[in-house]
Asker: 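Handing you a structure now.
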There are 2 protein chains.
Amino acid sequence: MSPPTLAKAWTTPAGSHSKSRYAISRPRKDGIHLATIVSKQPTKPPGIKDIASALGISIGTVDRALHGRSDVSANTRARVLKVAEQLGYRPNMVARSLKLNRQFRVGVYLPRQIASFFDPLREGIRAAAAAYIGINVDLDFHSFPRLDEGQLEELESAVGQNYDGLLLTPGDPGRIDSVLRRIARQGTAIICVGNDAPRSGRLAAVSTDSYTSGAIAAEMLARTIQKSAAVATITGELTIMDHAEKLRGFAATLAVLAPHLSLLPVIESHESPKEAYRQASALLSRKPRPAGLYISTANSIPVLQALDEHLLKDVQVITTDLFPELIPLLESGKILATLHQRPFVQGRTAFESLARYLVEGVQPEPVTKLAPHIVLRSNLPLFLSQMIEPEDSGSKDPTPPKR
Amino acid sequence: MSPPTLAKAWTTPAGSHSKSRYAISRPRKDGIHLATIVSKQPTKPPGIKDIASALGISIGTVDRALHGRSDVSANTRARVLKVAEQLGYRPNMVARSLKLNRQFRVGVYLPRQIASFFDPLREGIRAAAAAYIGINVDLDFHSFPRLDEGQLEELESAVGQNYDGLLLTPGDPGRIDSVLRRIARQGTAIICVGNDAPRSGRLAAVSTDSYTSGAIAAEMLARTIQKSAAVATITGELTIMDHAEKLRGFAATLAVLAPHLSLLPVIESHESPKEAYRQASALLSRKPRPAGLYISTANSIPVLQALDEHLLKDVQVITTDLFPELIPLLESGKILATLHQRPFVQGRTAFESLARYLVEGVQPEPVTKLAPHIVLRSNLPLFLSQMIEPEDSGSKDPTPPKR
DNA sequence: GAAGCACTCGTTAACGTACCCGGAAGTGAA
DNA sequence: TTCACTTCCGGGTACGTTAACGAGTGCTTC
């Protein structure tokens with residue numbers, strides 16, 4: 001039996017700032033140090049067969065030992081693990097994913113409305129799927145009219161599909177929780193994106209921090225409106241967790257940071273444009289006219305229309321998300337700020353979490369909260385260029401590998 | 001010669017919302033439609049050998065045809081490309097990167113100061129390198145005291161290293177441009193991060209939009225200071241592009257958006273803490289005391305110290321970046337906002353651009369500008385949790401592949 | 001007619017890993 | 001002894017791709 005060959009761990013451990021790497025042979029008899037620079041020719045990382053040859057055993061045994069499978073004696077297993085550690089062995093993910101050529105099917109259940117949010121969300125998912133090499137994903141996009149219309153029915157059809165993963169924005173949690181639990185029990189990994197459904201058995205959730213969104217709105221209104229006044233907020237369905245959280249953050253921060261501002265009764269627009277318009281009109285013609293307005297749902301167009309008709313220049317408005325109709329209003333200063341929920345990034349990270357879980361078994365953070373972007377007049381162009389950015393299809397073979 | 005077999009393209013092209021995929025056999029004689037659901041058993045994507053067998057030729061020829069290499073007749077090349085298109089062939093990146101087992105060495109040249117910016121920047125690079133599956137990268141981290149001290153000398157040593165890629169924050173562009181050009185001429189791909197050096201022959205640059213940073217500061221001061229007053233700004237070396245751009249954005253936006261605010265002469269702190277403290281003290285005791293202050297460099301501590309000593313509560317301050325000393329000042333409201341430059345994300349995207357260029361040959365965007373995050377009191381917690389997040393080493397084999 | 005050349009194309013060995021199959025050695029019972 | 005069974009291990013194949021190596025044409029040239 002040959003003794004385990006001692007070798008420098010191949011990868012530099014995180015945190016070490018190695019300036020350059022030398023392999024110095026031990027002093028020769030003639031006293032000449034021979035320092036050969038290896039950094040110009042990086043040594044190949046050790047593989048499973050290097051471990052095998054170092055111990056004089058076969059790669060099959062090494063494989064069994066490394067993966068804790070049976071049919072290996074405790075002795076050899078220990079020796080293999082020790083040498084693997086010494087050599088700094090790290091499994092080659094590329095070779096692994098080539099060998100077990102896995103296929104994953106993930107279902108994506110998102111509404112068509114509001115397109116300014118869900119379209120980039122879909123694009124983020126698609127982009128992440130395209131960029132993730134080492135996996136064959138099959139994305140099944142399912143669409144339905146709105147968050148509160150058709151999701152349940154569409155999801156019912158997902159039960160029989162036996163997906164490996166599921167990405168969705170849960171609408172009314174009370175009604176779809178049970179469906180999701182059924183799907184989860186089948187072994188499907190569910191990740192919520194844009195809104196959470198904590199009691200649905202989902203694996204993780206990715207969204208912007210809704211509470212913080214509301215808090216930002218409150219702080220900005222508090223900073224901008226410096227006299228004593230009233231402010232109002234228009235929200236969507238409060239059964240949707242996202243909306244409720246925004247309201248909480250808004251009200252709480254207003255109370256703490258802005259004693260000079262009073263909050264008018266909250267308006268719940270129920271995702272209906274006409275209703276939103278009617279209620280906004282009523283709000284703006286009432287007696288204590290609000291000096292500030294926080295619109296926490298993305299379909300704010302009817303509200304803005306009502307605002308425009310009432311010719312109110314002295315009301316500070318904060319909206320949610322970014323869509324073409326908002327651009328001139330931001331540029332002209334009629335809207336103070338809008339809180340961008342970064343749907344593209346949400347979709348990307350949601351898919352990445354799912355993929356890492358499916359392919360590497362890495363348990364994702366139960367809930368990741370992204371910071372919303374505060375879009376003002378001055379940084380608006382930055383988001384516009386990112387908005388119209390067309391997605392490259394990239395179907396062609398990019399580089400004929402040379403060399 | 002067998003005719004090319006017609007088959008449904010395997011991947012759904014981007015943009016098509018397919019609800020589910022059925023393979024429907026043609027009507028049988030007895031009139032019964034037999035619809036077999038294939039989506040539960042996704043068909044394997046076609047490979048190079050499927051093309052070969054469809055045409056009755058060898059995989060070698062297909063490979064040569066697909067990559068536009070020589071030794072293929074124009075006729076067969078056309079046939080191969082046609083069938084590849086029909087089958088929806090997409091090269092298997094996993095198999096490719098396994099075959100040509102490429103090794104890349106990239107040098108990272110970043111200063112130690114300011115640690116609150118460059119440490120997360122390094123972490124972003126490391127994280128991206130660890131996550132990038134399909135490539136063997138060897139990161140060489142080189143450090144030197146400050147941006148204006150030691151970078152040139154350190155870079156000189158990189159000339160002989162013959163790196164595949166280089167990541168760095170260029171300090172004084174005038175002095176290091178020539179070194180970078182020498183390195184670039186060797187074939188090293190250079191990506192600037194955090195600051196650009198456009199005339200250095202670099203491949204691309206990743207940074208926050210400095211002009212917009214300045215503009216945001218101006219807009220926020222304009223919104224918050226509503227009476228007629230003077231504002232001041234303290235910047236770093238104006239030879240560094242990043243600082244100069246911030247100043248431009250600040251001054252320009254102030255002129256457009258805030259006619260009621262006048263800009264005092266700009267203070268250039270030259271990266272020296274003592275000098276910065278002295279100048280800030282002088283500024284704050286002068287006659288037209290500024291009502292707003294924009295500190296566009298990250299080492300703002302001496303300035304803040306001067307502010308604190310002068311007990312100025314009525315001056316609105318906007319700082320740059322996020323580090324522990326700023327936290328209590330933001331929480332107490334002494335600082336209006338800080339503009340976070342997202343060093344981690346900068347490092348990550350810089351590495352990703354470099355990797356995609358090296359491994360896939362994808363030319364990166366010449367300059368990507370990230371939107372700086374506006375950190376207020378209300379969204380501060382979101383960034384803190386992200387600040388203390390420890391990096392996982394992840395050396396162990398995560399999942400012993402089962403099945 | 002042999003030799004040389006250019007042009008096509010097929011064959012085959014890797015890349016590192018996972019997993020199946022079967023063999024060797026040992027144990028115990030018939 | 002023979003057979004069955006367990007424990008441990010080596011050999012081999014396949015994943016999809018690239019690239020080196022030849023082999024087979026048809027053509028020109030001495």
Side-chain angles (χ1 to χ4, degrees), chain A residues 1 10 44-80 84 87 89-103 133-136 359-361 397-403, chain B residues 1 10 44-80 84 87 89-103 133-136 359-361 397-403:
Chain A
M1 152 189 150
W10 181 70
K44 192 171 59 100
I48 188 176
K49 75 175 60 167
D50 295 307
I51 301 177
S53 68
L55 283 168
I57 60 178
S58 80
I59 63 169
T61 305
V62 175
D63 177 67
R64 282 184 290 262
L66 286 177
H67 294 95
R69 279 190 265 270
S70 60
D71 293 348
V72 186
S73 73
N75 181 23
T76 53
R77 188 200 313 281
R79 280 162 53 211
V80 166
L87 293 178
Y89 168 77
R90 285 169 47 97
N92 186 327
M93 286 307 183
V94 177
R96 173 179 292 177
S97 36
L98 175 61
K99 178 60 188 90
L100 21 91
N101 219 349
R102 299 213 194 148
Q103 306 248 356
I133 78 182
I135 193 183
N136 278 326
V359 75
E360 301 182 37
D397 192 5
T399 22
K402 55 205 167 188
R403 203 176 97 88
Chain B
M1 152 188 150
W10 181 70
K44 193 171 60 99
I48 187 176
K49 75 175 59 167
D50 295 308
I51 301 177
S53 68
L55 282 168
I57 60 178
S58 79
I59 60 170
T61 306
V62 175
D63 178 68
R64 284 183 290 261
L66 286 177
H67 294 96
R69 279 191 267 268
S70 59
D71 294 346
V72 185
S73 73
N75 181 23
T76 54
R77 188 199 315 281
R79 281 162 52 212
V80 166
L87 293 178
Y89 169 78
R90 286 167 48 97
N92 186 327
M93 287 305 179
V94 178
R96 172 179 294 175
S97 30
L98 176 61
K99 178 60 187 86
L100 19 88
N101 218 350
R102 299 214 193 146
Q103 306 247 357
I133 148 172
I135 191 183
N136 278 325
V359 74
E360 301 181 37
D397 192 4
T399 22
K402 55 207 166 187
R403 203 176 96 87

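All figures in this text were calculated on a predicted structure; none of them were measured in a lab.
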Asker: Return the angle between end axes of the helix from C:dG1-D:dC30 to C:dA30-D:dT1, with five pairs used per end and rounding to 10°.
Answerer: 80°
Asker: Which of the following nucleotides, D:dC9, C:dT17, C:dG16, is nearest to the side chain of A:Leu98?
Answerer: C:dG16
Asker: Which of these nucleotides, C:dG16, C:dC9, C:dA18, is closest to any side-chain atom of A:Asp63?
Answerer: C:dA18
Asker: Quick one: list whatever passes side chain to side chain contact (heavy atoms under 4.5 Å, CB included) with A:Ser73, sequence neighbours left out.
Answerer: A:Asn75, A:Thr76
Asker: Output the single nucleotide from C:dC15, D:dC9, D:dT17 whose closest atom is nearest the side chain of A:Ser73.
Answerer: D:dC9
Asker: Listing request: all salt bridge (charged side-chain N to carboxylate O under 4.0 Å, His left out) pairs with a residue in residues 45-58 of chain B, at least two apart in sequence or in separate chains.
Answerer: none
Asker: Which residues pass the side chain to side chain donor-acceptor pair (under 3.5 Å) test with A:Asp63, not counting sequence neighbours?
Answerer: A:His67, A:Arg69
Asker: Which whole-number value in Å describes the distance from A:Arg79 CZ to D:dC8 P?
Answerer: 14 Å
Asker: Report the residue (A:Asp71 or A:Lys49) whose heavy-atom-nearest nucleotide on DNA chain C is the more 5′ of the two.
Answerer: A:Lys49
Asker: Which sits closer to the 5' end of DNA chain C, B:Asn101 or B:Ser70, going by the nucleotide each is nearest to?
Answerer: B:Ser70
Asker: Under the side chain to side chain contact (heavy atoms under 4.5 Å, CB included) test, which residues partner A:Ser97, sequence neighbours left out?
Answerer: B:Val94, B:Ile133
Asker: Check nucleotides 23-28 of chain C for protein N or O atoms closer than 3.5 Å to its own N or O atoms and list the pairs.
Answerer:
none

Asker: Kindly give the atom pairs (protein nitrogen or oxygen, nucleotide nitrogen or oxygen) under 3.5 Å for nucleotides 11-13 of chain C.
Answerer:
none

